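Below you'll find the structure, written out as structure tokens, and then a few comments.
Everything numeric in this text was worked out from a predicted model, so none of it was measured. In the text below, chain A, chain B and the rest are named by the order of the sequence lines, each starting its count at 1.
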Protein chains: 2
Amino acid sequence: MNKYTKAEKIRINSVGWMMKMISTRLDSLIKQELKRLGLDLKQFGVLMALLEEEGLTQTEIGKKITLPGYATTRTIDALEKKQLIERRTDERSRRSYRIYLTDKGHATGPELFIIINKVNEDLLSVLPATERKQLTTILQKILSAGFA
Amino acid sequence: MNKYTKAEKIRINSVGWMMKMISTRLDSLIKQELKRLGLDLKQFGVLMALLEEEGLTQTEIGKKITLPGYATTRTIDALEKKQLIERRTDERSRRSYRIYLTDKGHATGPELFIIINKVNEDLLSVLPATERKQLTTILQKILSAGFA
DNA sequence: TTGCAATTGTTGCAAATGCAACTTATAATG
DNA sequence: CATTATAAGTTGCATTTGCAACAATTGCAA
């Protein structure tokens, strides 16, 4: 017979389970780093989306970072109150806003990039370059196939 | 110059970011599947931990699935109310419980395994066997190195 | 042994979350 | 056009969450 129970085999071999474990840890690390900027994970996500492309609607932002509408609204409320972003009227449609970073918002960019790089380095530190590349390629493949 | 902004490069190349994206999607898929069992993600985690090994203390369960103490308490409260698990006194220590699955709890095992397998299959469907193996190996390496 | 520190688990309460309903605006259809 | 459907965004409210304080027990060290 086998020295593992069924559940143990699953935990050890399940890519999904392992990804969730790692992701939980990533959240915790990032949250920790964000604390000194006074930001939370959602705000971080919205800022990253806008650093990538400004002038998005709220819905577009939500899609990009997988955030439901009501949460996007509230996160943008919070970021606007901190004066990191601003809602501008969309001249093509009166029911949507176009979201832009303020100068203060742009200034957070470098700090956020540092956090991401630091966390990625932590995550990948045990892997040689070959495996880092393999992992990157594989994840890109999964995502570009429409998963998430 | 480069056709990508800095943030876009990060999003595309960041292993951490991609993992978080995928993990969010995994949560959503699993949550969806769990709905018909009347369970949430935390309860799912606790049950998986116990299917792997019974008789753990609450703290041990929390460590295994990365759940803080207060959440473990409440999740176990809920599972006990559903009669899927039971708290037994620990004869070695009067401040901790040993948690066991009930018959009803054991019976959920196969259903949970099916969910995991299904979600994993979705996740990996675009990858050939070689890459599946690579990914598994790499993730195991990261985790066994103490990340998470 | 006694006193202090650490562990285990629980809980009150404020804050965050998620659902569903809602408003307003645009698109589509006859 | 008028009507209906869809989309964008907001919000009330109940539930869930997370922090911090707590009680109870055990470990440790003087």
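- Within 3.5 Å, a donor on the side chain of A/Arg74 pairs with an acceptor on the base of C/dG18, or the reverse.
- Atom P of nucleotide D/dA8 and atom CD of A/Glu91 are separated by 17 Å, given to the nearest angstrom.
- If you find the closest nucleotide of DNA chain C to A/Arg92 and to A/Lys42, the one lying nearer the 5' end belongs to A/Lys42.
- Atom CG in A/Asp90 sits roughly 14 Å away from atom P in C/dA25 (whole-Å rounding).
- Position along DNA chain D of the nearest nucleotide to A/Tyr70 versus A/Lys31 favours A/Tyr70 as the more 5'-ward residue.
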Requested in this report: Run the numbers on B/Ser23 and A/Ser23 for side-chain hydrogen bond (donor to acceptor under 3.5 Å, both in side chains), then give the verdict.
Outcome: CA-CA 6 Å; B/Ser23 183; A/Ser23 184; 3.3 Å; yes
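- Here the P atom of nucleotide C/dG18 and the CD atom of B/Gln32 are 15 Å apart, to the nearest Å.
- If you take CD1 of A/Ile61 and P of D/dT10, they are 11 Å apart, rounded to a whole angstrom.
- Of the candidates C/dT26, D/dT10, D/dA8, C/dT26 carries the atom nearest the A/Arg94 side chain, counting heavy atoms from C-beta on.
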Stepwise salt bridge (Lys or Arg N to Asp or Glu O under 4.0 Å) check, B/Lys20 with A/Asp27
CA-CA 8 Å; B/Lys20 272 171 59 51; A/Asp27 278 355; 2.6 Å; yes
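- OP1 or OP2 of D/dG9 lies within a sub-4.0 Å distance of a side-chain N or O belonging to A/Thr59.
- Taking side-chain N and O atoms only, B/Ser93 has no distance below 4.0 Å to OP1 or OP2 of D/dT25.
- A/Arg88 and A/Glu54 are not joined by a salt bridge, as no carboxylate oxygen comes within less than 4.0 angstrom of a charged side-chain nitrogen.
- One interatomic measurement links the two molecules: CD of A/Glu80 to C1' of D/dT10, which rounds to 13 Å at whole-angstrom precision.
- Salt-bridge check for A/Asp77 with A/Arg87: passed, with a basic side-chain N closer than 4.0 Å to an acidic carboxylate O.
- Residue A/Tyr97 places its side chain closer to D/dT10 than to any other of C/dG9, D/dG18, D/dT10.
- With rounding to whole Å, B/Arg87 atom CZ is found 15 Å from C/dT8 atom P.
- Whole-Å rounding puts the A/Leu67 CG to D/dG9 P distance at 13 Å.
- Between A/Gln58 and D/dA7 there is no side-chain polar atom (N or O) within less than 4.0 angstrom of OP1 or OP2.
- Between B/Thr73 and C/dT10 there is a side-chain polar atom (N or O) within less than 4.0 angstrom of OP1 or OP2.
- Under 3.5 Å, the side chain of B/Arg95 and the base of D/dA24 form no donor-acceptor pair of N or O atoms.
- Looking at heavy-atom distances under 4.0 Å, B/Thr57 makes contact with sugar-phosphate atoms alone, never a base.
- Atom C1' of nucleotide D/dT10 and atom CD1 of A/Ile99 are separated by 13 Å, given to the nearest angstrom.
- A salt bridge links A/Arg98 with A/Glu60: the closest approach of a Lys/Arg side-chain nitrogen to an acidic carboxylate oxygen falls below 4.0 angstrom.
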